[in-house]
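So the structure is just underneath, and the comments pick up after that.
Throughout, a chain's letter reflects where its sequence line sits, starting with A, and its residues are numbered from 1.
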2 protein chains.
Amino acid sequence: MHLHGYQGLRADLVVNELGITKGAYYHYFSGKQELGYSIVDEFIAPEQLQFWGALNGYFGHPIEGIVERLKALRTELKNDYFMTGSELNNLIQEMSPLDEGFRARLQRILEGMRLAIQGAIERGQKSRLVKADANAEEIALFVMANLLGAFSLAKAFQDRKFFDRCIEQMIGYLRGFKGQ
Amino acid sequence: MHLHGYQGLRADLVVNELGITKGAYYHYFSGKQELGYSIVDEFIAPEQLQFWGALNGYFGHPIEGIVERLKALRTELKNDYFMTGSELNNLIQEMSPLDEGFRARLQRILEGMRLAIQGAIERGQKSRLVKADANAEEIALFVMANLLGAFSLAKAFQDRKFFDRCIEQMIGYLRGFKGQ
DNA sequence: TATAATTCGTACCAACAGGTATGCATAAAG
DNA sequence: CTTTATGCATACCTGTTGGTACGAATTATA
């Protein structure tokens, strides 16, 4: 699914790669849609929410907390990951206009990301570590858009370098909101 | 193709919607792939390159030239466009890892965009209208990533408001490079 | 005008793709 | 120990899909 998309996912290939049969497959899943939903619910969503939820447990400058998460993406994600790109971004592009079940799930994930980032910025503002006139929600959305777009660029060029460069630029942007 | 993606594009639907027959279709195109390539070459690429190429003929502050292009997206694109998102971004996500022919074409378009934006910034630096320490290439990539991501966000939420907010944020970011 | 090339309509096809029917072990329940 | 529910393997089915074969107008060329 990561490589071919949900629509390109072939039931036969799934059962072959898993070494199971169609009997087992359809015993646990009513069909392709439920399989797709399960992949989002049980893998993509928990992974994303855990990754960005870590911001809530970060001690230190909240802006540096976000920066640390961005850098974590650079170190944790293997080179191959950037060839196929972010599962989240891929599914958004493919399924948002086609299947409301997918869309609602993906929107939830994005909202979780936004709340985590926005919360960090707001905590920084309360402790006067972040400029008071910064709009936390707008910045969070901006960072998320940038992240999704950085994955797109790296995928188009088939070169993670473009992701890294965008991240560096974003880090500079974020640090501009520090102090007063 | 805009809605269902290249893989989801159905030859039968194409000929029906065009009111032609398969005979005509396969007379002009060797198959689905050539049709896809033609759509990129004859529609998506020219449209994008023309839109961003307008920066070269912009008189006035180059940063405001870029801002004007971003605002043009907000006014020229209809609400429905944001539901299906940017054809460019969609194709990148779907086809970059699957078909080198598509990927190379899409990369060319992105390079054209980058050169246009980067060129505007560099012209601004020569005339001291843009800070000399700004890295034109990095900024151009950053803007492009943001743009692609802004389309993704709007698509995921099925609400163009998210695109508009990202654009506003980006405009503020860009104007930060003005003056010395 | 004879010939050749272009244009495109109709019928058809083989591969594929998601899904079903069914049966049979094994495990749980009474 | 019987009965029932669960887990899963095999074979098959039906609609779809990109593509082809072929012929017939129409247009260009010699």
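- OP1 and OP2 of dC16(C) both lie 4.0 Å or more from every side-chain N or O belonging to Arg10(A).
- Nucleotides of DNA chain D that come within less than 4.0 Å of any heavy atom of chain A span, from the 5' end to the 3' end, dG7(D) to dT10(D).
- At whole-Å resolution of the value, CD in Gln33(A) and C1' in dA17(C) are 16 Å apart.
- Remark: the Lys22(B) side chain and the dG9(C) base include no donor-acceptor N/O pair separated by less than 3.5 Å.
- In this structure, CG of Leu18(B) is placed 12 Å from P of dC8(C), rounded to the nearest angstrom.
- Spacing between atom CD1 of Ile20(B) and atom P of dT6(C) amounts to 19 Å, rounded to whole angstrom units.
- Within 4.0 Å of Tyr25(A), counting heavy atoms only, lies no atom of the nucleic acid at all.
- Heavy-atom neighbours of Arg105(A) CZ from other residues, nucleotides or ligands within 6.0 Å: above the threshold of 12.
- Residue Glu47(A) places its CD atom among 12 or fewer non-hydrogen atoms of other residues, nucleotides or ligands, all under 6.0 Å distant.
- Nucleic acid contact class of Tyr26(A) (heavy atoms, under 4.0 Å, all strands): base.
- The nearest whole Å value for the distance from the CD atom in Gln7(A) to the C1' atom in dC16(C) is 16 Å.
- Considering OG of Ser86(A) and CD1 of Ile92(A), their distance stands at 7.0 Å, rounded to 0.5 Å.
- Per the geometry, CG belonging to Asp12(B) stands 14 Å off P belonging to dA11(C), to the nearest Å.
- Arg160(A) forms no cation-pi arrangement with Phe163(A), by the criterion of a distance under 6.0 Å to the ring centre and an angle within 45° of the ring axis.
- Gln169(A) and Arg165(A) share no side-chain donor-acceptor pair at under 3.5 Å.
- Under the 3.5 Å distance criterion, with hydrogens and angles disregarded, no donor-acceptor pair is assigned to the side chains of Gln158(B) and Ser96(A).
- Among the atoms of the strands shown, only primed sugar atoms or phosphate atoms (P, OP1, OP2) are found under 4.0 Å from some heavy atom of Leu9(A).
- The distance from atom CG of Leu13(A) to atom C1' of dG18(C) is 13 Å, rounded to the nearest whole Å.
- When only modelled atom types and interatomic distance are considered, Glu94(A) and Gln93(B) share no side-chain donor-acceptor pair under 3.5 Å.
- If you find the closest nucleotide of DNA chain C to His27(B) and to Tyr6(A), the one lying nearer the 5' end belongs to His27(B).
- If you take NZ of Lys32(A) and P of dC16(C), they are 16 Å apart, rounded to a whole angstrom.
- Rounded to the nearest 0.5 Å, atoms CZ (Arg10(A)) and CD (Glu17(A)) are 13.5 Å apart.
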Taking Watson-Crick (N1-N3 plus N6-O4 or O6-N4) and G-U wobble (N1-O2, O6-N3), each under 3.5 Å, can you produce the dot-bracket string of DNA chain D? Use [ ] for crossing pairs and | for inter-strand ones.
||||||||||||||||||||||||||||||
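- Figure legend: cation-pi geometry between Lys155(A) and Phe82(A) absent, as NZ or CZ is not positioned both under 6.0 Å from the six-membered ring centre and within 45° of its axis.
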